[in-house]
Amino acid sequence: MKQVIELIINGEPSEVIVRPNELLVDVIRDKIGLTGTKKGCGAGDCGACTVLMEGKPILSCLTLAISCQGKHIETIEGLAKDGTLHPLQQTFVKKGAIQCGYCTPGMILSAKALLRKTPDPDPEDIRYEMAGNLCRCTGYKKIIEAIIEAGQGAHEGGPERVRI
Amino acid sequence: MKEAPNVSGFDFSVIGKGLPRKDAWEKATGAAQYTDDLKLPRMLVGKIKRSPHAHARILSIDTKKAKALPGVKAVLVGSEAPNLYGIMPQTPTESALSIDKVRFVGEGVAAVAAVDEDTASEALELINVEYEPLPAYLTPEEALEDGAVPIHEDKKGNNIIYEGKQSFGDVDQALSRSAYVLEKNFYTQCVNHAFMEPHSALARFDEGERLTLWSSSQIPHYLHRTLSLVLGIPMQRIRVILPTIGGGFGGKGEVASNELCAAFLARRTGRPVKITFEREEVFFTNKGRHPMRMHIKVGVDENGILQAIDFDTLMDGGAYLGWGVVVMFYCAAMLHLPYKVPNVRFHGMRVYTNKPTCGAMRGLGGVQPRFALETMLDEIALKLDMSPYELKRKNAVESGHTTALNNYVRHSEYKKCLDNVVKRSGYLEKRGKLPFGKGIGLAGAHYSSGTSYTLYLAYKPHSSALIRVDTESGVSVYCGAADIGQGSDMVMGMIAAETLGVPYSDVQVYSGDTGITPFDLGTFSSRVTVACGHAVEEAALEINKKLFGVAAVSLGVQGEQLTSQNGKILSQFEQKKSMDFWEAVGKYISASGPLTATGHYTPPRRSASGKVQGGNIGHAPTYGFTAQVAEVEVDIETGEVRVMKVTESGDCGQAINPISVEGQVEGSIVMGMGQALFEEMVAEGDRVINPNLHEYRIPTIADMPEIDTEIVESYDPESPYGAKECGEGPIQPVIPAILNAIYDAIGVRFNELPVTPEKVLAALHERPAS
Ligand code: FES
Ligand code: FES
């Protein structure tokens with residue numbers, strides 16, 4: 001039975017009609033039209049579909065949309081504000097932490113949740129918290145560097161703005 | 001071509017600078033559009049029904065019920081798409097869907113297009129296929145047994161796909177005269193590319209039977225050709241466009257069934273059709289690394305100088321041909337470098353089995369023999385009481401070397417790589433001296449930077465580029481190279497910017513679109529930087545020539561004395577005689593019309609001179625080199641091997657963008673580590689039992705070792721801006737460096753991959769107490 005639910009995505013409320021078995025990732029991508037959230041496995045194994053729900057990272061491919069009624073959801077599209085990238089987006093670009101970019105949205109959202117908990121993480125914190133986000137391109141080194149720099153920037157007045 | 005530097009620190013303004021990639025911005029914001037992100041009006045969803053049998057005859061397919069399901073717009077079966085294709089066009093074996101026989105679990109048998117995914121899935125359930133099962137063979141040994149049913153009926157009586165032989169020099173004599181000969185067996189497993197973006201293709205037919213296909217591919221040209229062949233429409237009516245691509249590593253280097261089925265279904269329905277694979281389907285349609293059994297003899301003289309390599313391999317090809325024969329002869333060619341080997345014999349047999357097909361994966365043909373040979377050289381050196389570093393250095397190739405196979409190595413800094421990595425890692429101080437359970441290992445390698453021949457007989461340039469400069473759009477570079485995430489668009493943009501003397505930000509690169517970009521073979525064999533880079537540089541030089549004509553008159557300086565730098569065209573001798581680049585562009589266009597130029601590149605051909613055996617495969621314009629030292633810790637209780645640190649030194653010529661080079665090297669190291677320690681597509685019963693990213697485990701951030709890379713000073717004077725490959729060489733030494741380190745740690749040589757904790761524990765158990 002289809003049902004109308006309200007999702008507050010990146011601060012904007014949207015009403016969507018969903019079937020009970022519909023997954024959040026598909027609703028975000030196909031119904032809301034925010035395709036920045038990626039699907040790498042559809043089974044909870046890769047982390048590409050990570051979004052933040054009430055500030056916490058969740059795998060949207062394992063989440064039923066219907067269970068998200070009234071929830072605040074943040075996707076990768078919600079990070080840049082007024083044409084300025086979020087510090088993590090800036091350091092990912094600058095450090096070369098992005099190759100094919102397919103893992104990037106999920107990676108950045110997981111990192112955002114990590115920085116909220118641990119504003120100045122060391123590599124060990126990152127290894128521990130981010131093991132659910134797979135990247136096949138980068139070997140992770142530059143991802144760790146980017147997260148550390150974004151964390152430092154957060155209490156040093158923000159990393160320099162990246163112009164490309 | 002700009003002059004090669006004879007002193008270090010050649011003064012480039014763009015090349016060699018670690019610039020952030022332009023595409024990274026949209027990838028970081030989620031704006032980048034991958035194929036599955038695209039939607040067209042009235043678009044249908046396609047899905048493929050797959051075989052539950054590993055080997056069976058198809059007796060009948062009943063699609064009536066599926067067709068009757070509301071929302072289903074078309075159903076396709078193999079007999080309706082009968083034209084065979086293959087990446088090697090001389091010997092096509094594959095079809096869009098299997099026609100009368102299935103050859104592995106997961107092979108496509110029918111496809112549907114429906115209004116939504118649920119309807120498409122339901123329709124697949126309603127298709128009834130009747131099979132007559134045949135015996136299934138999961139290993140080459142089983143497939144070769146007497147009386148085995150041929151998996152391909154054209155193969156009269158056996159399952160051998162191809163048997164390749166090469167012999168250079170007198171291997172038997174050289175081995176009999178060697179002071180020391182080591183003979184060993186090795187086995188490597190099947191490994192999947194595990195790119196993060198599953199295959200996706202979107203097809204649209206317009207009025208007049210014109211097809212546009214958006215696809216996650218690394219070979220737009222071969223895809224273009226194959227669509228024409230299989231659909232039976234001329235290439236002129238087909239356009240292939242690559243949206244942003246989420247990785248390939250060779251796995252998107254062959255046409256995939258979703259591309260063909262989407263096109264057929266779009267033609268039949270008159271509506272756009274998109275087919276995106278589930279992760280499981282990515283494993284089924286795997287074209288990953290060949291499992292290889294290898295039997296190898298290596299002979300050296302009393303000083304450790306290599307005398308001969310005798311190499312015999314049995315390759316598990318899976319169900320179809322794919323890149324198989326190319327992989328076989330690449331493997332044969334890999335034996336001849338990065339060391340001088342006067343006598344080499346190769347014998348290889350690739351065999352059909354009832355499993356997903358094996359094909360091209362990052363470092364194809366090299367990873368398996370390199371694992372074997374680098375661990376053997378380690379063992380030989382220690383037997384001779386010599387440091388493995390010394391033995392490798394003594395045998396290392398230098399610039400100007402011609403191999404027994406007639407490969408010409410025009411440039412090598414391999415010795416520098418070995419010296420540099422040994423020094424930075426403290427290898428000599430640590431090897432043999434670390435406590436039990438800790439170890440350090442060295443390995444080196446090379447890789448072809450491009451390929452000298454096309455897959456089908458053709459004499460046209462392998463890469464071409466078009467540059468258009470105008471005062472409205474700036475500099476636009478059009479090239480057919482496929483940026484699959486490795487950053488080739490950036491490399492092409494940097495080469496154009498450097499040559500034209502304008503900032504990189506003024507250059508736009510348009511690539512991977514057969515409708516607007518000139519011809520290019522595609523992304524494989526680490527060919528793009530050298531081949532497409534040459535074409536772009538040539539086109540940019542031609543633009544300069546046209547602009548220098550304008551500036552020469554206006555400045556009163558001879559055209560040959562002009563150069564372009566920092567947005568100006570100026571005299572090389574008198575800097576104040578200068579003119580703004582864009583002013584010259586404006587003048588040229590006012591006087592002569594559009595300012596465009598083309599460039600192209602054909603690799604040097606190697607003459608056979610009686611030496612070539614095996615289709616000229618493996619010749620390359622130039623070669624990259626790399627050396628690595630791995631440090632490991634083996635947990636004696638659990639058997640777990642942890643790679644603590646990898647130090648790498650690479651000769652990639654002049655790095656065009658050092659950040660991108662580091663990214664390629666770091667990614668290669670972690671991918672190689674996965675193959676060394678845990679990755680394996682496991683086949684049991686009649687199928688691959690781990691077709692998902694949970695049971696097929698790839699390295700996570702928690703597995704990552706400390707990585708320390710350094711690009712050695714290097715410049716190949718015949719390459720565009722001195723550059724060579726860096727995307728496939730660095731995966732070659734990873735496995736043997738780790739395995740040599742494991743030997744140093746616990747005194748055990750592993751000859752089979754992956755080195756799982758179970759294998760380590762078993763070996764520790766058997767080890768004689770010392
Ligand atoms: S798509 Fe959700 S974890 Fe892979
Ligand atoms: S950048 Fe390609 S998967 Fe991470």
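Keep in mind it's a predicted model, so treat the numbers as computed, not measured. Proteins come first, then strands; the chains are lettered A, B, ... in the order of their sequence lines, and each starts at number 1.
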Discussion item. At a 4.5 Å cut-off on heavy atoms, which part of A:Ala131 comes close to chain B: side chain, backbone, both, or neither?
Written reply: both

Item to complete: Under 4.5 Å heavy-atom distance to chain A, tell me which part of B:Phe249 shows up: side chain, backbone, both or neither.
Response: side chain

Worksheet item: With chain B, which of A:Ile98, A:Ile108, A:Ile144 has the greatest number of heavy-atom pairs at distances under 4.5 Å?
Response: A:Ile98

Worksheet item: Under 3.5 Å, is there a donor-acceptor pair between the side chain of A:Arg127 and the main chain of B:Met704?
Response: yes

Fill in: chain B interface, residue from A:Leu134, A:Leu79, A:Thr104 that has the most non-hydrogen pairs under 4.5 Å
A:Leu134

Worksheet item: Is the shortest distance from a Lys or Arg side-chain nitrogen in A:Arg136 or B:Glu679 to a carboxylate oxygen in the other one below 4.0 Å?
Response: yes

Worksheet item: Are A:Lys141 and B:Glu706 close enough for a salt bridge, meaning some N to O gap below 4.0 Å?
Response: no

Worksheet entry | Atom group of B:Ile484 that falls short of 4.5 Å from chain A, counting heavy atoms | backbone

Item to complete: Sort B:Glu662 into side chain, backbone, both or neither according to what part of it lies under 4.5 angstrom from a heavy atom of chain A.
Response: both

Item to complete: Check step by step if side-chain hydrogen bond (donor to acceptor under 3.5 Å, both in side chains) holds for B:Ser511 and B:Asp483.
Response: CA-CA 8 Å; B:Ser511 67; B:Asp483 192 332; over 6 Å; no

Discussion item. With a sphere of 6.0 Å drawn around CG of A:Leu62, does it hold more than 12 non-hydrogen atoms of other residues, nucleotides or ligands?
Written reply: yes

Discussion item. Checking the side chain of B:Glu728 only, and the main-chain atoms of B:Gly363 only, is there a donor and an acceptor separated by less than 3.5 Å?
Written reply: yes

Discussion item. Tell me whether A:Glu22 is salt-bridged to A:Lys31, with the criterion being a basic N under 4.0 Å from an acidic carboxylate O.
Written reply: yes

Worksheet item: chain A heavy atoms under 4.5 Å from B:Ile245: which part of the residue, side chain, backbone, both or neither?
Response: backbone

Worksheet item: Would you say A:Thr91's side chain and A:Glu149's backbone share a donor-acceptor pair under 3.5 angstrom?
Response: no

Worksheet item: Of the backbone (N, CA, C, O) and the side chain (C-beta and beyond), which part of A:Asp26 lies under 4.5 Å from a heavy atom of chain B, both, or neither?
Response: neither

Worksheet, complete the sentence: One option among B:Ala194, B:Gly487, B:Gly247 has the most heavy-atom pairs under 4.5 Å with chain A, and it is B:Ala194

Worksheet entry | Between B:Ile698, B:Thr276, B:Ile669, B:Ile707, the one whose heavy-atom pairs under 4.5 Å with chain A are most numerous | B:Ile698

Worksheet item: More than 12 foreign heavy atoms under 6.0 Å from CZ of B:Arg642: is that the case here?
Response: yes

Worksheet, complete the sentence: Scored by heavy-atom pairs under 4.5 Å with chain B, the best of A:Ala80, A:Cys103, A:Cys100 is A:Cys100

Worksheet item: Just by distance, do the side chain of B:Asn657 and the backbone of B:Leu19 share a donor-acceptor pair under 3.5 Å?
Response: yes

Discussion item. Looking only at heavy atoms and a cut-off of under 4.5 Å, which of A:Lys95, A:Lys39, A:Arg29 has the most pairs with chain B?
Written reply: A:Arg29

Worksheet item: Going by residue number, which parts of residues 28-42 of chain B are within reach of chain A, meaning a heavy-atom gap below 4.5 Å?
Response: B:Ala28, B:Thr29, B:Gly30, B:Ala32, B:Gln33, B:Tyr34, B:Asp36, B:Asp37, B:Lys39

Worksheet item: Side chain, backbone, both or neither: which part of B:Glu197 has a non-hydrogen atom closer than 4.5 Å to chain A?
Response: both

Worksheet item: Do NZ/NE/NH1/NH2 and the carboxylate oxygens of A:Glu6 and A:Lys71 come within less than 4.0 Å?
Response: no

Worksheet item: Short question: side chain of B:Lys274, backbone of B:Ser200 - any donor-acceptor pair under 3.5 Å?
Response: no

Fill in: Closest contact, heavy atoms only, B:Ala120 versus B:Lys47
CB-CG, 3.9 Å

Worksheet item: Relative to chain B, which segment of A:Leu34 carries a heavy atom at a distance below 4.5 Å: side chain, backbone, both, or neither?
Response: neither

